[in-house]
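Everything below concerns the one structure shown next.
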Amino acid sequence: MEITLAKTAGFCFGVDRAVELARKTAKDKKSVKTIGPIIHNKILVEKLKTEGVGLLENLEDYKKDDTLVIRSHGVPGSVYDFLGENEIDYVDATCPFVSKLHRIVEEVDEDGGVIIAGDKDHPEVQGIMGHCVGHVEVVSEVEDFEKFDFSHKNHLLMVAQTTFNKEKWNKLKIIANKRYTKLEIFDTICSATDKRQEECKSLAKVSSIMLVVGDEKSSNTCKLYDICKKFTTAYLISDASEINIDYFTTSDKVGITAGASTPAFIIKEVIYKMSDIAKQIDTENEEFNFEEALEASFQTVHNNKKVVGTIVAVLPNEIQVDIGTKHTGYVSASEISTDPNVKPEELYKKGDEIELVVIKVNDAEGTVMLSKRRLEAQKGMEEINEAADNGTVLDGKVIEIIKGGVVVLAKGAKIFIPASQATMSRNDSLDELMGKEVQFKIIEKGRGRRRHVGSIRAIAMEARNAARDKFWESAEVGVKYTGTVKSLTSYGAFVDIGGVDGMIHVSELSWKRIKHPSEIVNIGDSVEVYIKDLDAENKKISLGYKKAEDNPWAMFKSKYGVGDVVDGKVVSVVAFGAFVNILDGVDGLVHISQIANQRIDKVSSVLTKGMDVQAKIMEIDDEKKCISLSIRELLEDDADVEATDAE
Ligand code: F3S
């Protein structure tokens, strides 16, 4: 006996999603009930009851504390109105493909018409009808078109129940197109149904017997059964207990398929039963271990296995992936990326291939949870281990400041950087590193659950040393730099000029006499400096800061000469004369003999500090930077003028 299980047998995406949502809700809420059976499979509905998911046959029978679940078939708009008006807590598990269908028919206004190809008693079709505002007709056979006339409708469209038979749909479309020239047709048969039906047909063609597993009330199961019957002997069974050994002979080729609402555990039981039957009937074929082969079809995935899948659906919080086994693969948004704001629809589209790692397999349910993030972390960890062995520099981003250090995310893995290895100086704040891209190297490999330990400082030190070496290779007196003031002392300011520190002596900071460098610069200031002197042996650099063009002596010289009269202010009075400030940073001396016409004993009897005076420049000593002034010279001139006037 040769037995083949259809790859597409079992839960479709929409059903699987609805069942999972109901289960999850039952864990959080007090009383959870589905509006009608969540799927057309009474065995699963009973099983769900034991997990806290009850059944509400009539919406009006809801209780105050109930959380209701809208099943994958969807519901008419009036149900949403009822839930809203009565403030009923609910979870909408309508299959996204069905919701899309609702949106299509809602486009037609009350003067338009909608033709639905499907079973008018099916809850999905009733739900679609409940979203139509205009006239709606349901057709399932070609003759149904005779029962109505939509030729006067301006806006007319046709859709199909998602699980409708593809061949029938094609026939109905031909008739519809002949009757209505302006008809818009939306092919809304779900690809899951389509694929299942196609595979079922191919399998039935090469099988002497087909077993269709599912509930007799399940529309898509019945359609599979109808397809099979056309090509071979077919049996519709709800579970393994309905398999009759008398169906089979030794030479049978048995095909097994299952509806979209048939849970994996029922399919698995059927497979085990068939394994026993095969053993009984086909005693000659002992090498064929069907049980093992079937088990393999469920066990082809295990935790930590790397797989390549094809994306079959992209939802706001998850993607669904076909990994080539019977399982339905899920990747939740939190397993796609470490970024909590990741939007799956911005990264992926249906049909994309994706590499993943298995994190949880549930054979009974036929689901497998997968992770992209962990695969990247695994790959990343391999690269990080290699980098640790080779001492390679790694790039990462600081994502957390924790007690004792920071956490860096690199290649999907988290690396701990102790505070002592995070910055160049212990005084530097760790907070400033938050969110920054950094370079680091591994200084200690983690063992078991312990994380790797890295150092940002080691890289910064290397960079600094490299910059230092480069500086000394090219350093020359006169070269200009833009530096940062790092510290101040009473004798000068230390400036970082790119990996090396130089000092501006206090006398170099200003042309004026200053008491402390802080009168001119502050820590953190960006300053333009030049190398004044270099001591390569002791690695000492003297920096110049004052600019020649600001030199007050030069400014004085360019403006005044001997014989010129200047306005000034007395800045100090001494026994031999008074110092008069001419320009900022330039003072001249008025000797006691040059203060008045007559002899004076005390300078302060004529001049006091702060007094404004006029004086004549008598002499300029360039070398000593001294200026001799005379007030008397101007007074004698005045006396002469007075004498001349008297004459
Ligand atoms: Fe949805 Fe298609 Fe299943 S429409 S419920 S995924 S058959």
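Source: prediction; values computed, not measured.
- Here the straight-line distance linking atom CD of E20 with atom CZ of F11 works out to 8.5 Å at 0.5 Å rounding.
- No donor-acceptor pair under 3.5 Å is formed between the side chain of S337 and the backbone N or O of A333.
- For the pair D239 and I43, the minimum side-chain heavy-atom distance is below 4.5 Å.
- Using a 4.5 Å heavy-atom cutoff, the side chains of I227 and F231 are in contact.
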With side-chain contact (heavy atoms from CB on, under 4.5 Å) as the test, would you mind laying out the steps for I39 and L44 before giving the verdict? CA-CA 8 Å; I39 55 169; L44 185 79; 3.2 Å; yes

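- Atoms CD1 and CG, on I115 and L183 in that order, are 5.5 Å from each other to the nearest 0.5 Å.
- No more than 12 heavy atoms of other residues, nucleotides or ligands shown are found within 6.0 angstrom of CD on E216.
- Closest approach of I311 and V314 over heavy atoms only: CG2-CG2, 3.6 Å.
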For a salt bridge (charged side-chain N to carboxylate O under 4.0 Å, His left out) check, start with the C-alpha distance between K49 and E46, then their side-chain angles and the critical distance, and finish with the verdict. CA-CA 5 Å; K49 275 187 191 163; E46 286 306 314; 3.4 Å; yes

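- Inter-residue side-chain proximity for D111 and K153 is flagged as unmet; no heavy-atom pair is nearer than 4.5 Å.
- Pairing each heavy atom of V114 with each of F150, the nearest pair is O-CE1, 3.7 Å.
- Using a 4.0 Å cut-off between charged side-chain N and carboxylate O, E242 and K273 make no salt bridge.
- With K33 as the partner, the salt bridge (Lys or Arg N to Asp or Glu O under 4.0 Å) test is satisfied by one option alone out of D61, D66, D65: D66.
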Determine whether L370 and I359 satisfy the following criterion, side-chain contact (heavy atoms from CB on, under 4.5 Å), listing intermediate values before the conclusion. CA-CA 5 Å; L370 302 148; I359 54 174; 5.7 Å; no

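- Using a 3.5 Å distance cut-off with no hydrogens or angles, the side chains of E124 and T162 do pair a donor with an acceptor.
- With R71 contributing its side chain and T34 its backbone, the two residues share no donor-acceptor pair below 3.5 Å.
- In summary, K411 and E376 do not engage in a salt bridge, as defined by a charged side-chain N under 4.0 Å from a carboxylate O.
- Remark: the backbone N or O of V75 is paired with a side-chain donor or acceptor of H131 at under 3.5 angstrom.
- Shown here for G396 and A410, the closest heavy-atom pair between the two residues is CA-CB, 4.1 Å.
- Shown here is E87, whose CD atom has no more than 12 heavy atoms of other residues, nucleotides or ligands within 6.0 Å.
- In terms of modelled atom types and a separation under 3.5 Å, the side chain of D322 and the main chain of G324 share a donor-acceptor contact.
- Using a 4.5 Å heavy-atom cutoff, the side chains of L211 and L236 are not in contact.
- To the nearest 0.5 Å, atoms NE2 (H155) and CG (D109) are separated by 8.0 Å.
- For T262 (side chain) and G10 (main-chain N/O), no donor-acceptor pair under 3.5 Å exists by modelled atom type.
- Within a 6.0 Å sphere centred on CG of N303, other residues, nucleotides and ligands contribute more than 12 heavy atoms.
- With respect to E107 and R103, no salt bridge is recorded, no charged nitrogen being found less than 4.0 Å from a carboxylate O.
- Atom-to-atom distance recorded for F248:CZ and T233:OG1 is 10.5 Å, nearest 0.5 angstrom.
- If you check the side chains of T8 and E199, you find a donor sitting under 3.5 Å from an acceptor.
- Between E137 and K147 there is no salt bridge, since no side-chain N of the basic residue sits under 4.0 Å from a carboxylate O of the acidic one.
- Note that NZ of K7 is 10.0 Å distant from NZ of K195, once rounded to the nearest 0.5 Å.
- The structure places NE2 of H102 at 10.5 Å from OG1 of T188, a figure rounded to the nearest 0.5 Å.
- Checked for salt-bridge contact, K349 and D352 meet the test: a charged N lies under 4.0 Å from a carboxylate O.
- With sequence neighbours excluded, the residues forming a side chain to side chain contact (heavy atoms under 4.5 Å, CB included) with S218 are H40, D215, N220, T221, S261, listed by chain and number.
- Taking every heavy atom of both residues into account, C200 and T257 meet most closely at SG-CG2, 4.1 Å.
- Closest of all the heavy-atom pairs between V91 and T67 is CG2-CG2, 4.2 Å.
- Side-chain contact check for L356 versus V307: some heavy-atom pair is nearer than 4.5 Å.
- The two atoms that bring V98 and S72 nearest to each other are CG2-O, 3.7 Å, heavy atoms only.
- Counting heavy-atom neighbours within 6.0 Å of K29 NZ, excluding the residue itself, gives a total of 12 or less.
- Checking side-chain atoms of S208 against main-chain N and O of K253 turns up a donor-acceptor pair under 3.5 Å.
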Verdict with supporting geometry, D119 and K223, salt bridge (charged side-chain N to carboxylate O under 4.0 Å, His left out): CA-CA 11 Å; D119 170 1; K223 273 172 201 134; over 6 Å; no

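- Contact annotation: the side chain of L56 approaches that of L68 to within less than 4.5 Å [non-hydrogen atoms, C-beta and beyond].
- The shortest side-chain heavy-atom distance between M210 and Y235 does not fall under the 4.5 Å cut-off.
- Two rings, from F82 and Y80, have their centers 6.0 Å or more apart.
- Within a 6.0 Å radius of NZ in K217, other residues, nucleotides and ligands contribute 12 heavy atoms or fewer.
- Judged purely by atom type and a 3.5 angstrom limit, R374 has no side-chain atom pairing as donor or acceptor with the backbone of E335.
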One pair to check against salt bridge (charged side-chain N to carboxylate O under 4.0 Å, His left out): K27 and E51. What are the steps and the verdict? CA-CA 9 Å; K27 283 183 189 152; E51 295 177 33; over 6 Å; no

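- K350 and E345 are not joined by a salt bridge, as no carboxylate oxygen comes within less than 4.0 angstrom of a charged side-chain nitrogen.
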Show your reasoning for whether side-chain contact (heavy atoms from CB on, under 4.5 Å) applies to V408 and K414. CA-CA 6 Å; V408 171; K414 290 179 177 175; over 6 Å; no

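- Annotation: side chain of H122 is in contact with side chain of H73 (closest heavy-atom distance under 4.5 Å).
- Electrostatic pairing of K171 and E141 does not count as a salt bridge here, judged by no charged N lying under 4.0 Å from a carboxylate O.
- With T232 contributing its side chain and S207 its backbone, the two residues share a donor-acceptor pair below 3.5 Å.
- For K229 and D226, the salt-bridge test passes: some basic side-chain N is under 4.0 Å from an acidic carboxylate O.
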If you apply the rule side-chain contact (heavy atoms from CB on, under 4.5 Å), what do you find for V105 with F186, and how did you get there? CA-CA 10 Å; V105 299; F186 292 86; over 6 Å; no

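- Listed for the T25 side chain is a donor-acceptor partner under 3.5 Å among the backbone atoms of L21.
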